[in-house]
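Read the numbers this way: they start at 1 and go in the same order the structure lists the ligands and their atoms. Remember, it's a predicted structure, so these values are computed and weren't measured experimentally. Just the heavy atoms: all of them, side chains too, but no hydrogens, waters or symmetry mates, feed the values below.
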Amino acid sequence: MKIVLATSNKHKVQEINDMVAGSGIEFILPPEGFDPIEDGDTFEENSKIKALEAWKISKTWTLADDSGLCIKALGGKPGIHSARYAETPAKRIERVLREMVGISDREAEFVCAMTLVNPDGKVEFACRGVCEGSIGEKPSGHNGFGYDPIFLIKGTNTTMAELSEEEKNKISHRSQALGRVIEYLKGLQA
Ligand code: ITT
């Protein structure tokens, strides 16, 4: 079964395909012209906007992931603005570290909201995955993407970027949400 993954982020497609390897499900990039206006107020709303936009141009099963980093001491920022918090991934990390200077409560979480739209253009299933952790004092590690180098996994001194792909995929917000989507799809096929 092929499902259009409503994203322009190639890292997400790779991560998600790695997670479902061997399941008979393959995620593919949307056809050309995928340009959603992510103007929702929540991860859930933006995820739905992306999934429906991808459906409009593909008319098949689509899955969207809207995700981001939420930092408690910053009132949940960068949150839904994670992808645009500064111009480049390195500058986004710099900005977060700057805003966290002098703050001792460094609790944070990665959030992922997924929306599955069926070939009739209706929301078939939606869910959320969360990965708890905290913000490190400096970046460390080169794997993954985005804020991974400053995200310390709860109860450890290891950043998400220091984990192998396989290790990240066992605990990430994205894998938790995707696990629920796959379970739902398997139920449909049974
Ligand atoms: P699409 O909207 O096209 O899917 P995007 O990268 O803009 O691609 P989002 O709007 O969902 O995706 O923003 C997610 C941002 O949150 C992403 O660019 C990263 O900065 C951050 N993020 C999400 N998941 C992450 C992860 O697993 N590791 C590190 N950073 C992550």
Side-chain angles (χ1 to χ4, degrees), residues 3-19 27-55 57-58 62-71 74 76-97 108-117 126-136 139-154 158-179:
I3 301 177
V4 168
L5 190 66
T7 185
S8 352
N9 183 332
K10 292 198 176 105
H11 290 280
K12 282 187 184 175
V13 187
Q14 198 202 323
E15 269 193 14
I16 288 181
N17 271 325
D18 287 346
M19 289 175 207
F27 289 95
I28 54 171
L29 278 166
E32 227 158 274
F34 177 67
D35 193 15
I37 299 162
E38 292 180 46
D39 58 0
D41 293 326
T42 61
F43 291 112
E44 278 75 9
E45 280 173 23
N46 283 333
S47 165
K48 186 175 167 186
I49 288 169
K50 287 195 263 191
L52 289 173
E53 180 67 22
W55 175 81
I57 56 173
S58 67
T62 64
L63 178 73
D65 153 321
D66 197 65
S67 47
L69 176 67
C70 299
I71 303 173
L74 301 182
K77 282 200 297 180
I80 58 167
H81 306 292
S82 292
R84 296 169 290 279
Y85 212 44
E87 242 169 64
T88 64
K91 284 184 183 165
R92 294 196 265 281
I93 284 180
E94 265 171 42
R95 176 168 175 193
V96 166
L97 290 180
E109 59 187 22
F110 270 134
V111 174
C112 171
M114 285 191 169
T115 306
L116 180 71
V117 164
C127 64
R128 168 184 268 236
V130 173
C131 179
E132 294 179 354
S134 62
I135 302 301
S140 183
H142 299 283
N143 300 330
F145 68 98
Y147 299 93
D148 283 342
I150 54 166
F151 188 84
L152 291 167
I153 293 135
K154 193 175 182 179
T158 306
T159 70
M160 198 72 116
E162 290 171 322
L163 296 186
S164 68
E165 226 169 76
E166 210 184 337
E167 288 168 329
K168 176 177 177 181
N169 291 348
K170 277 188 195 144
I171 59 161
S172 79
H173 48 314
R174 190 163 297 103
S175 70
Q176 292 184 43
L178 187 67

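Using a 4.5 Å heavy-atom threshold, the side chains of L69 and I135 count as touching.
In this structure, a donor-acceptor pair under 3.5 Å is present between the side chains of D65 and S67.
Closer than 4.0 angstrom to ligand 1 lie heavy atoms from T7, S8, N9, K12, E38, K50, D65, D66, S67, G68, S82, A83, F110, F145, G146, Y147, D148, K168, H173, R174.
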Listing, residues 30-38 side-chain donor-acceptor contacts under 3.5 Å, not counting sequence neighbours, or none:
none

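Taking the salt bridge (charged side-chain N to carboxylate O under 4.0 Å, His left out) definition, one finds that E87 meets it with K91, sequence neighbours left out. Every residue two or more places apart in sequence or in another chain that forms a side-chain hydrogen bond (donor to acceptor under 3.5 Å, both in side chains) with S164 is listed here: E167.
In this structure, the side chain of S47 engages the main chain of A113 through a donor-acceptor pair within 3.5 Å.
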